[in-house]
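Down below is the structure, laid out as structure tokens.
Keep in mind the model is a prediction, meaning the values are calculated, not measured. By convention in this document, chain letters (A, B, ...) are assigned in the order of the sequence lines, proteins followed by strands, and residues within each chain are numbered from 1.
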Amino acid sequence: MRLSQFHLRTYKETPADAEVISHQLMLRSGMVRRLASGLYTWMPMGLRSLRKVEAIVREEMNRAGSVEVLMPSVQPAELWQESGRWNKFGPELLRLQDRHQRDYCIGPTHEEVITDIVRNELQSYKQLPASFYQIQTKFRDERRPRFGVMRSREFIMKDAYSFHMTDASLETTYQAMHDAYCRIFDRLGLRYRAVLADSGSIGGSASMEFHVLADSGEDAIAYCPDSSYAANIERAETLPQGAPAAPQEALRQVDTPGVRTIAALVEAHSLPIEKTVKTLMVKAAEGHETPIVALMVRGDHELNEVKAEKLDIVAAPLEMADEATIRRLVGAGPGSLGPINLPISLVVDYAVAAMSDFGAGANIDDQHFFGINWGRDLPLPQSADLRNVQPGDPSPDGAGTLEMLRGIEVGHIFQLGRIYAEALSCALLDENGKPTVLTMGCYGIGIGRIVAAAIEQNNDSRGITWPESIAPFSAVICPINRLKSETVAEAAEALYQQLLDAGVDVLLDDRPVRPGVMFADMELIGIPHRIVLSERGLAAGTVEYRHRSDEQSQDISLAEAVARVGGSHEA
RNA sequence: CGGGGCGUGGCGCAGCCUGGUAGCGCACCACAAUGGGGUUGUGGGGGUCGAGUGUUCGAAUCACUCCGUCCCGACCA
């Protein structure tokens, strides 16, 4: 490509509304342009990288035996009503009506459509397992779009779905997808980690997320350096901790005027934070005897929402109780709550169940109990894994202690089970002639997000340092003083043709700009290989080669430069 | 959804407090010089100051409403 015939717009200044580095660099290098909140245009330079990601994903999906289709992004409400998600889905689902006032949504995902296709299209169990995928635009009306294409409302996703007669068959395909995903992220040249994930409210069994590692990632990942254990913090388990130590202190009720927070309690009464608890009031599940229930975690721990939601007595999605309800049922406000004389159901975290001589609210405003001990002062309530893991917690596989990383979720594979097939009556006769509901897997990859995540992981003070696999161009030719020097102009043209013929994705910077502008732009865009042609060098029989990650450029022969560019292109 | 910030040419910003003819840098156009790290000079073009209503002789500036946008929060009692 000749840059004079391409479109490139770069910016010297960082746009004020971009927070993360990938968003800043994507805007500055002219890869994307914001149209409205959470809506981005992929400009020519950005689109080239996006397409390269797509191509790798497509190749590996095909290799894994998945078949490409393309489904509509606008979907009829009937299908969503059939699956039950028309009502279950919140405001993230963008709904609209056509001229006949028929209801539609813009697809945030395509389980309904693909299941509809399969139930109509597949006629025999002999056609199974079957796997379909598409690379397509999705829309989710995020409550807070941010970080550019990292969390946009409209985004490009590869979504795949597999259908099976048996769980064993699903398991096999799930594993094949796992392996395909590893190949994809290996080829993309990203540092990533596959982690156990929560299977969510949809149900289903196994689920893994693929995270690109980056400090700016929105997700926390717990992993064990001594084993293969890695899990999203939503899912990472903590273990029961055994019996509490014997009581050392007497139970006593203490005036704690104005103490409403753990921090204040620790401060004012010199209580170690590990001897405090947080009592959290949440809405109870439908049909429970009281409208709210209590959950308790240690003062220095965090409640894990996902785990809490899974308790039978807790409403899903998790919702905190309002103060009026708490006062009506407990008689005290938040900040003075505790396990003693608590008139509602209580579930405590494993760590709380192992505490002794601890302090908690007395369920009377401005009063706390200190020296609380289970068994002696009140019966030990039901205990469960309710909190987020922390660095230093034992690994659930018993192989050491956990550490934490930040990650950007770029892929998710999921054994869905029969929920959708059941709801949409997607069944086939098995070899015995017995109708059998199909079981399903689904597998997603955020294509646009991968581009952003790659930049998040690969940048320096001058711009993007792409992995070779997804750089918008592989190499750039920068002719110095092309307009004044026949020699340079001709050499540039010849080299350009030679590289094109060799199949190199090469850019010729034939703009009438000074070298400094050229270099700055090409480094911002992050093209891996740069060859500079000058009268001086050509006279000496050399060209100047520099890889984007090199400190210095090198004067080498033209032939060697061609070999380097061509060689790494193949790699 | 709650809180906060910000909306002034394509981008980055000043001006607003204390009302009085809309400015700077980058980018853009023309000419000249320069020609290996975002050149220099001269001369240009481009803005309903987010929208509406109000106050005022007069509003970018003050007030109110709305819209957009970004950040923080939406368990952490």
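Summarising the base pairing, B/rA30 is matched to B/rU42 through a Watson-Crick or G-U wobble pair whose two defining distances lie under 3.5 Å. B/rC76 makes up no base pair with any nucleotide shown, lacking Watson-Crick or G-U wobble contacts both under 3.5 Å. The nucleotide B/rG7 finds its pairing partner in B/rC67, both defining distances of the Watson-Crick or G-U wobble pair being shorter than 3.5 Å. Pairing for B/rG20 goes to B/rC57, judged as Watson-Crick or G-U wobble with the two contacts each under 3.5 Å.
Whole-Å rounding puts the A/Leu318 CG to B/rC76 P distance at 11 Å. Between the C1' atom of B/rC75 and the CG atom of A/Leu303 lies a distance of 6 Å, rounded to the nearest Å. Rounding to whole angstrom units, CZ of residue A/Arg143 and P of B/rC70 are separated by 16 Å. Distance CG (A/Leu27) to C1' (B/rG10): 13 Å, rounded to an integer number of Å. Atoms CG (A/Leu35) and P (B/rG68) sit 14 Å apart, rounded to a whole Å. As a whole-Å value, the separation of A/His7 NE2 from B/rG10 P is 15 Å. Atom pair A/Leu265:CG and B/rC76:P shows a separation of 17 Å (rounding to whole Å applied). Remark: P of B/rC28 and CZ of A/Arg511 are 11 Å apart, rounded to the nearest angstrom.
In this structure, a donor-acceptor pair under 3.5 Å is absent between the side chains of A/Thr238 and A/Asp393. No side-chain N or O of A/His269 forms a donor-acceptor pair with one of A/Thr256 less than 3.5 Å apart.
By the 4.0 Å N-to-carboxylate-O rule, A/Asp141 lies close enough to A/Arg153 to be salt-bridged with it. Between A/Arg482 and A/Asp509 there is no salt bridge, since no side-chain N of the basic residue sits under 4.0 Å from a carboxylate O of the acidic one. The pair A/Glu535-A/Lys484 does not meet the salt-bridge criterion, since no charged nitrogen lies less than 4.0 angstrom from a carboxylate oxygen. Under 4.0 Å is where a charged nitrogen must lie from a carboxylate oxygen, and between A/Arg235 and A/Glu209 no such pair does. One finds a salt bridge joining A/Glu218 and A/Arg146 here, because a Lys/Arg side-chain nitrogen approaches an Asp/Glu carboxylate oxygen to under 4.0 Å.
Here A/Arg146 lies in heavy-atom contact (under 4.0 Å) with sugar-phosphate atoms only. Residue contacts shown for A/Ile326 include a base, since a base heavy atom lies under 4.0 Å away.
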In the 5'-to-3' direction, what one-character label does each nucleotide of nucleotides 36-49 of chain B receive under the scheme B = base within less than 4.0 Å of a protein heavy atom, S = sugar-phosphate only, - = no such atom? BBBB----------
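For the C1' atom pair drawn from B/rA51 and B/rG4, the interatomic distance equals 22 Å after rounding to whole Å. When the P atom is used for both B/rG15 and B/rG38, the distance is 31 Å, rounded to whole Å. Spacing of C1' atoms, B/rA59 relative to B/rC64, comes out at 15 Å, to the nearest Å. Straight-line distance between the P atoms of B/rA77 and B/rU61: roughly 42 Å, to the nearest whole Å. Between B/rC62 and B/rU55, the two C1' atoms lie 8 Å apart (nearest whole Å). Separation of the C1' atoms belonging to B/rU8 and B/rG68 is 15 Å when rounded to the nearest angstrom. On the P atoms, B/rU18 is 10 Å away from B/rA63, given to the nearest whole Å. Going from the C1' atom of B/rA74 to that of B/rU65 covers 26 Å, rounded to whole Å.
To the nearest 0.5 Å, the span separating CD1 on A/Ile233 from CG on A/Asn304 amounts to 7.5 Å.
Across residues 331-339 of chain A, A/Pro334, A/Gly335 each have a non-hydrogen atom less than 4.0 Å from an atom of RNA chain B (numbered order). For the segment residues 347-373 of chain A, the set of residues with a heavy atom within less than 4.0 Å of an atom of RNA chain B is empty. For the segment residues 268-288 of chain A, the set of residues with a heavy atom within less than 4.0 Å of an atom of RNA chain B comprises A/Lys278, A/Leu280, A/Met281, in numerical order.
Listed by chain and residue number, nothing satisfies the side-chain hydrogen bond (donor to acceptor under 3.5 Å, both in side chains) test with A/Ser383 (two or more places apart in sequence, or in another chain). Take A/Tyr223 and apply the side-chain hydrogen bond (donor to acceptor under 3.5 Å, both in side chains) test, not counting sequence neighbours, and it matches A/Glu403. Every residue meeting the salt bridge (Lys or Arg N to Asp or Glu O under 4.0 Å) condition with A/Lys283, not counting sequence neighbours, appears here in chain and number order: A/Glu319. The salt bridge (Lys or Arg N to Asp or Glu O under 4.0 Å) check on A/Lys278 picks up nothing, with sequence neighbours excluded. With sequence neighbours excluded, no residue forms a salt bridge (Lys or Arg N to Asp or Glu O under 4.0 Å) with A/Arg449.
The ring-ring contact (aromatic ring centres under 6.0 Å, His included) pairs that include a residue from residues 320-363 of chain A are A/Phe358-A/Trp374, where partners are two or more places apart or lie in different chains.
Taking the ring centre of A/Tyr496 as origin, the terminal cationic atom of A/Arg2 falls outside the region bounded by 6.0 Å and 45° from the ring axis.
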Would A/Leu3 and A/Leu8 count as a side chain to side chain contact (heavy atoms under 4.5 Å, CB included) if you check the C-alpha gap in whole Å, the side-chain angles of each, and the deciding distance to 0.1 Å? CA-CA 8 Å; A/Leu3 191 44; A/Leu8 174 66; 3.9 Å; yes
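Positionally, the nearest nucleotide of RNA chain B for A/Arg34 lies more toward the 5' end than for the other of A/Glu305 and A/Arg34.
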Side-chain atoms of residues 323-341 of chain A: list all donor-acceptor pairs with protein atoms under 3.5 Å, sequence neighbours left out, distances to 0.1 Å.
from: A/Glu323; atom 1: OE2; to: A/Arg327; atom 2: NE; distance (Å): 3.3
from: A/Thr325; atom 1: OG1; to: A/Asp322; atom 2: OD1; distance (Å): 2.9
from: A/Thr325; atom 1: OG1; to: A/Asp322; atom 2: OD2; distance (Å): 3.0
from: A/Arg327; atom 1: NH1; to: A/Asp365; atom 2: OD2; distance (Å): 2.8
from: A/Arg327; atom 1: NH2; to: A/Asp365; atom 2: OD2; distance (Å): 3.3
from: A/Ser336; atom 1: OG; to: A/Asp366; atom 2: N; distance (Å): 3.3

Below 3.5 Å is the cut-off: list the nitrogen or oxygen pairs between protein and nucleotides 12-14 of chain B, distance only.
from: B/rG12; atom 1: OP1; to: A/Ala16; atom 2: N; distance (Å): 3.2
from: B/rG12; atom 1: O2'; to: A/Glu13; atom 2: OE1; distance (Å): 3.1

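Of all heavy-atom pairs spanning A/Ser22 and A/Glu456, the tightest one is OG-OE1, 2.6 Å.
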